[in-house]
Engineer: 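Here you go, one structure.
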Amino acid sequence: MAEESSSFFERVYEVVKEIPHGKVTTYGAIAKHLGTTRSSRMVGWALNNCHTLEDMIPAHRVVNRLGVLSGAAHFGTPTLMQELLENEGHIIEENQIKNFKEALWIPPYSEHD
DNA sequence: AAGCTGACTATGG
DNA sequence: GCCATAGCCAGCT
């Protein structure tokens with residue numbers, strides 16, 4: 001594939017879309033999957049552009065390493081992200097996923113290669 | 001072209 | 001254990 005890396009952002013979108021329903025992941029996990037662990041900030045930045053995509057990006061399944069809905073403020077409503085996660089069976093309190101470690105899902109590495 | 005930004009993470013006090 | 005600071009990198013102005 002000649003254009004495997006159109007942009008760093010698209011890499012993020014692909015991974016986020018791979019997140020199974022009822023699961024969540026962290027920015028660091030995605031960044032690590034992309035091979036750019038230190039670009040964890042870019043992951044969030046990429047999701048910021050998700051609204052420009054025609055594809056639906058389950059950005060609500062992406063939280064920070066503490067399981068906190070750090071990006072909830074970027075949704076239509078500050079509670080939308082929480083409601084979406086609760087709808088998937090997660091337990092959210094204080095903007096933090098209680099069953100975070102149970103719901104945590106790490107993207108596989110041998111999938112893109 | 002150069003500097004700022006940012007949905008993070010790690011480290012130090 | 002919580003708050004402050006630094007490092008990070010890639011897109012945006």
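These figures come from a predicted structure and were not determined experimentally. Every chain is numbered from 1, with letters handed out A, B, ... down the list of sequences.
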Engineer: So for A/Arg65 and B/dC8, does any side-chain atom that can act as donor or acceptor lie under 3.5 Å from a complementary atom in the base?
Structural biologist: no

Engineer: Considering only C/dC8, B/dA7, C/dC12, which nucleotide approaches the side chain of A/Asn49 most closely?
Structural biologist: C/dC12

Engineer: Is the closest side-chain donor-acceptor distance between A/Gln82 and A/His60 under 3.5 Å?
Structural biologist: no

Engineer: By nearest atom, which of the nucleotides B/dT9, C/dG11, B/dG6 is closest to the A/Ser7 side chain?
Structural biologist: C/dG11

Engineer: Using the side-chain heavy atoms of A/Met42, tell me which of these nucleotides is nearest: B/dA7, B/dC8, C/dC9.
Structural biologist: C/dC9

Engineer: Using side chain to side chain contact (heavy atoms under 4.5 Å, CB included), reason through A/Thr26 and A/Trp105 one step at a time and then give a plain yes or no.
Structural biologist: CA-CA 8 Å; A/Thr26 70; A/Trp105 172 85; over 6 Å; no

Engineer: I want to confirm an ordering. Mapping A/Arg41 and A/Phe9 to their closest nucleotides on DNA chain C, which one lands closer to the 5' end?
Structural biologist: A/Arg41

Engineer: Looking at C/dG11, B/dG6, B/dA7, which one has an atom nearest to any side-chain atom of A/His74?
Structural biologist: B/dA7

Engineer: What nucleotide among B/dT5, C/dA10, B/dT9 has an atom nearest to a side-chain atom of A/Tyr27?
Structural biologist: B/dT9

Engineer: Using a 4.0 Å heavy-atom cut-off across all strands, classify A/Ala31 as base, sugar-phosphate, or nothing.
Structural biologist: nothing

Engineer: With a 4.0 Å cut-off on heavy atoms, is A/Asn48 in touch with a base, just the backbone sugar-phosphate, or nothing at all?
Structural biologist: base

Engineer: Between A/Glu94 and A/Val68, is any pair of side-chain heavy atoms under 4.5 Å apart?
Structural biologist: no

Engineer: Of all the choices, B/dA7, B/dT5, B/dC8, which nucleotide is nearest to the side chain of A/Cys50 once you look at every atom?
Structural biologist: B/dA7

Engineer: Pick out which of A/Val12, A/Leu69, A/Val16 makes a side-chain contact (heavy atoms from CB on, under 4.5 Å) with A/Val62.
Structural biologist: A/Val16

